[in-house]
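Below is one structure, written out as structure tokens; comments come after it.
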Amino acid sequence: MKAQPEALRDSSMLSYMASKKALELNPSNAIVKELKEKVKADKADKSVRDLTYLLFETALLTSGFALDEPTSFAKRIHSMIV
């Protein structure tokens, strides 16, 4: 995109062509079903919140996006292991 100076003289055109983040969840997926059951059991469960964040952050990483706070991602993984 940046190599086409004639077509993209306007900087607003460059921002239009940038990647947008969208997370689509499949309600029949086993992970989503299990998270739903865990939320039904206890909405205040910190592990459910951490699992949800991990699901979102791993989706970002596998899609090629960078994490805003990689240290909190690492802390969540470490807390799940210990």
Side-chain angles (χ1 to χ4, degrees):
M1 292 185 316
K2 292 180 183 178
Q4 300 176 351
E6 295 298 319
L8 300 174
R9 274 184 203 228
D10 186 12
S11 63
S12 65
M13 185 66 164
L14 186 60
S15 65
Y16 172 75
M17 296 177 73
S19 298
K20 302 288 183 197
K21 297 175 193 171
L23 176 65
E24 295 180 17
L25 295 177
N26 177 357
S28 3
N29 182 284
I31 295 171
V32 176
K33 284 181 178 181
E34 184 63 27
L35 279 173
K36 183 179 178 181
E37 291 303 315
K38 288 180 180 282
V39 169
K40 279 183 184 178
D42 184 8
K43 288 184 181 182
D45 187 359
K46 184 183 179 303
S47 67
V48 174
R49 186 191 63 154
D50 287 344
L51 285 169
T52 305
Y53 274 110
L54 283 173
L55 180 66
F56 174 70
E57 290 169 335
T58 54
L60 282 176
L61 289 173
T62 57
S63 298
F65 291 98
L67 297 178
D68 293 335
E69 297 179 26
T71 54
S72 58
F73 173 72
K75 285 180 185 177
R76 271 192 282 281
I77 289 178
H78 294 155
S79 71
M80 301 301 264
I81 295 171
V82 174

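Side-chain atoms are counted along with the backbone in the values below, which use heavy atoms only and exclude waters and symmetry mates.
Identified under the side-chain hydrogen bond (donor to acceptor under 3.5 Å, both in side chains) test for residues 30-45, with sequence neighbours left out: Asp45-Ser47.
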Check step by step if side-chain contact (heavy atoms from CB on, under 4.5 Å) holds for Phe56 and Thr52.
CA-CA 6 Å; Phe56 174 70; Thr52 305; 6.0 Å; no
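Considering all non-hydrogen atoms of both residues, Val32 and Pro27 come closest at CG1-CA, 4.2 Å.
The hydrophobic cluster containing Leu51 does not contain Tyr53, counting ILVMFWY residues as joined when their side-chain heavy atoms lie under 4.5 angstrom apart, directly or transitively. Residues Val39 and Ile31 are members of one and the same hydrophobic cluster, defined by side-chain heavy-atom contacts under 4.5 angstrom among Ile, Leu, Val, Met, Phe, Trp and Tyr.
Distance check: Asp50 CG to Leu55 CG gives 12.5 Å after rounding to the nearest 0.5 Å.
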Using a 3.5 Å cut-off and no angle test, enumerate the donor-acceptor pairs between side-chain atoms of residues 71-82 and protein atoms at least two apart in sequence or in another chain.
from	atom 1	to	atom 2	distance (Å)
Ser72	OG	Glu69	O	2.9
Arg76	NE	Glu57	OE1	3.4
Arg76	NH2	Glu57	OE1	3.0
Arg76	NH2	Glu57	OE2	2.5
His78	ND1	Ala74	O	3.3
Ser79	OG	Lys75	O	3.4
Ser79	OG	Arg76	O	2.8

